[in-house]
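Notes for the one structure printed next.
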Amino acid sequence: MSFPLLTATAALPALGAVATAAVPAARRTAAKWLALLFSLATLALATTVVVRFDPGGDRYQLTESHAWIKDFGVRYELGVDGIAVALIALTALLIPFIILAGWHDADPLETGSKRWRPTQGFFALILAVEAMVILSFEATDVFLFYIFFEAMLIPMYFLIGGFGDRAHEHGEQAAATQRSYAAVKFLLYNLVGGLIMLAAVIGLYVVAGNFSLTEIAEARANGTLDMATSTERWLFFGFFFAFAVKAPLWPLHTWLPNAMQESTAPVAVLITAVVDKVGTFAMLRFCLQLFPEASKWATPAILVLALISIIYGALLAVGQRDIKRLIAYASISHFGFIIMGIFAMTSQGQSGATLYMVNHGISTAALMLVAGFLISRRGSRLIADYGGVQKVAPVLAGTFLIGGLATLSLPGLAPFVSEFLVLVGTFARYPVIGIIATFGIVLAALYTLVLYQRTMTGPVKPEVSAMPDLRVRELVVVAPLVALLIVLGVYPKPVTDIVNPAVEQTMSDVQKKDPRPEVEAAK
């Protein structure tokens, strides 16, 4: 029996979570180092997955299949395509930076506080989320995917509610109340989506007789699975609704600004750069592959919702006074681009959407983590409390600028390529949608540059005059992310080579071909 590489990649952070949680309370530093070592070991295994994956080989590789619940046709089935490989690599890459960035976020509060922050629990929960996210990317059994799609809500709930941001203008009691509200809202929104999906999962089993993604998709392709049009549409809605909440897509997005605002910066990155990607990934893997006709039927409505997300998220970002809420609304706008690319039903759009998932994860991590370092120094999330930071902390300001420029998709930085592909792919089939979506780029430039101007330029405010620049640990976190933004901005080929074959297979699932460009004949 070959080594179960996919199982090991997901099991290692789960084992790390248990080991970290078991460290004695007095040995907080040991728990931090243990969590970091497990995250680096997971990154090594994820790198092995990337190396062993053959983009020109079978659709699903490194597969594992074992009987689990025989009476209900549930199997422990794992396999990865190029899209899953890229997102597993992204997840494993970001977790060590998240742990390093949050090195002191769960330390005990100042003397006299009645609230204890269990450091071991904080890092154990991060590793638990990593394990569940990776297994969600690997699962090719629908029931197995559903279990971990829902289970990751529990550690995220405690990370939001129990380890929130210390910067709150109304004191610790108000901060605790807001954290609880954000955590409950996050949980309720996603649980409702998950319950609707559960009904669809049960319905799929009734129709197909099993939960195997590959078997159901094959049966759909060769015509041996008869699914009524109305049934397929209802099942598609159940799956898509849950994924749209997780993504999040307007109007199911309102939990995200609260969750990111009240979380520590590393947990906010975990939410939007890692956990939310499961939603958009699942649209490609499950919605398009299991329900191709329903996906095409719903495309016009989904594109309109994605377009609203792009413009709405960007407009609200322009008007924000809170740094974290601004980044949250910017992410809603970016997820609109990703979903638009997926349902444009073109190879450029879907390749761009997948690349956007990776690039958005890196750019949001860079911007939010630097913002977290800034907030921890000043003790405030309000934009108006800053000014002139670039004069006292030039490295911090410079990395903040690069993260912001990546967010607005400046040419030469990674998100530009993916956003360009999404817009080209959308315009090729839906030109009006593509044209209107470009206004999201203009708004992105507005909210990013205004944010930088108000926080980093102008006279130095007295409260920031003694602000220290980035420390060594913080530079270790930010420098590799900035380097990746530049490298993938000028040379995205290593990622596109992995994801493009999977995109072609997805296009084949929905029986769509790229529209031929209309070229006026030469006279």
Side-chain angles (χ1 to χ4, degrees), residues 2-17 19-20 33-64 78-101 123 126-140 148 266 269-270 273-275 277-278 281 354-355 357-363 365-366 369 414 476-502:
S2 59
F3 178 71
L5 181 59
L6 297 186
T7 294
T9 306
L12 191 59
L15 179 62
T20 302
W33 281 106
L34 186 63
L36 180 61
L37 288 174
F38 269 100
S39 68
L40 291 173
T42 303
L43 176 59
L45 284 180
T47 303
T48 305
V49 171
V50 175
V51 171
R52 291 190 55 184
F53 181 80
D54 178 12
D58 295 337
R59 180 170 192 171
Y60 293 108
Q61 300 178 33
L62 306 174
T63 55
E64 302 173 31
L78 305 180
V80 289
D81 61 2
I83 299 169
V85 167
L87 293 176
I88 289 170
L90 171 69
T91 301
L93 175 69
L94 290 181
I95 296 298
F97 297 128
I98 289 173
I99 290 173
L100 273 175
F123 293 102
I126 291 174
L127 290 175
V129 172
E130 179 183 22
M132 294 174 186
V133 169
I134 289 176
L135 204 48
S136 297
F137 291 142
E138 295 174 346
T140 55
F148 291 99
V269 171
L270 189 64
V274 177
V275 172
K277 297 301 187 297
V278 178
F281 162 80
T354 305
L355 187 61
M357 293 185 219
V358 175
N359 292 337
H360 173 264
I362 299 170
S363 62
L369 292 178
V476 170
V477 170
V478 175
L481 296 175
V482 170
L484 278 172
L485 288 174
I486 296 171
V487 170
L488 293 178
V490 298
Y491 191 65
K493 189 173 183 296
V495 180
T496 56
D497 284 350
I498 291 176
V499 304
N500 282 346

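Numbering of residues begins at 1 and proceeds along the displayed sequence. Scope of the values below: all heavy atoms of this structure, side chains included, with no hydrogens, waters or symmetry mates.
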List the atom of [X], the atom of [Y], and the distance in Å for their closest heavy-atom pair.
X: Leu45; Y: Ala8; answer: CD1-O, 3.6 Å
X: Glu130; Y: Pro13; answer: OE1-CB, 3.5 Å
X: Leu36; Y: Pro96; answer: CD1-O, 3.9 Å
X: Asp58; Y: Gln61; answer: O-NE2, 2.9 Å
X: Ala101; Y: Val477; answer: N-CG2, 3.8 Å
X: Ala14; Y: Ala131; answer: N-CB, 3.7 Å

From CA spacing to verdict: side chain to side chain contact (heavy atoms under 4.5 Å, CB included), Leu484, Leu93: CA-CA 11 Å; Leu484 278 172; Leu93 175 69; 3.3 Å; yes

[X] vs [Y] side-chain heavy atoms within contact, under 4.5 Å:
X: Leu5; Y: Thr48; value: yes
X: Leu481; Y: Leu369; value: yes
X: Leu87; Y: Met357; value: yes
X: Ile498; Y: Val50; value: yes
X: Ile99; Y: Leu127; value: yes

The side chain to side chain contact (heavy atoms under 4.5 Å, CB included) partners of Leu34 (sequence neighbours excluded) come to Ala19, Thr20, Val23, Phe38

Against Val499, only a single residue in Asp81, Val85, Thr354 fulfils side-chain contact (heavy atoms from CB on, under 4.5 Å); can you say which?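 It is Thr354, the one option of Asp81, Val85, Thr354 that forms the side-chain contact (heavy atoms from CB on, under 4.5 Å) with Val499.
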
For Leu62 and Val49, what are the C-alpha separation, side-chain angles and deciding distance, and is it a side chain to side chain contact (heavy atoms under 4.5 Å, CB included)?
CA-CA 8 Å; Leu62 306 174; Val49 171; 3.9 Å; yes

Hey, what do you get for CD1 (Ile134) to OG1 (Thr9), rounding to the nearest 0.5 Å?
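Reported to 0.5 Å precision, the distance equals 6.5 Å.
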
CA sep, side-chain torsions, deciding dist, call: Glu64, Thr7, side chain to side chain donor-acceptor pair (under 3.5 Å):
CA-CA 8 Å; Glu64 302 173 31; Thr7 294; 2.4 Å; yes

key: Listed partners of Asp54 passing salt bridge (charged side-chain N to carboxylate O under 4.0 Å, His left out), at least two apart   =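 None.
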
Would you please name every residue forming a ring-ring contact (aromatic ring centres under 6.0 Å, His included) with Phe281, sequence neighbours left out?
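ring-ring contact (aromatic ring centres under 6.0 Å, His included) check on Phe281 returns Phe137.
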
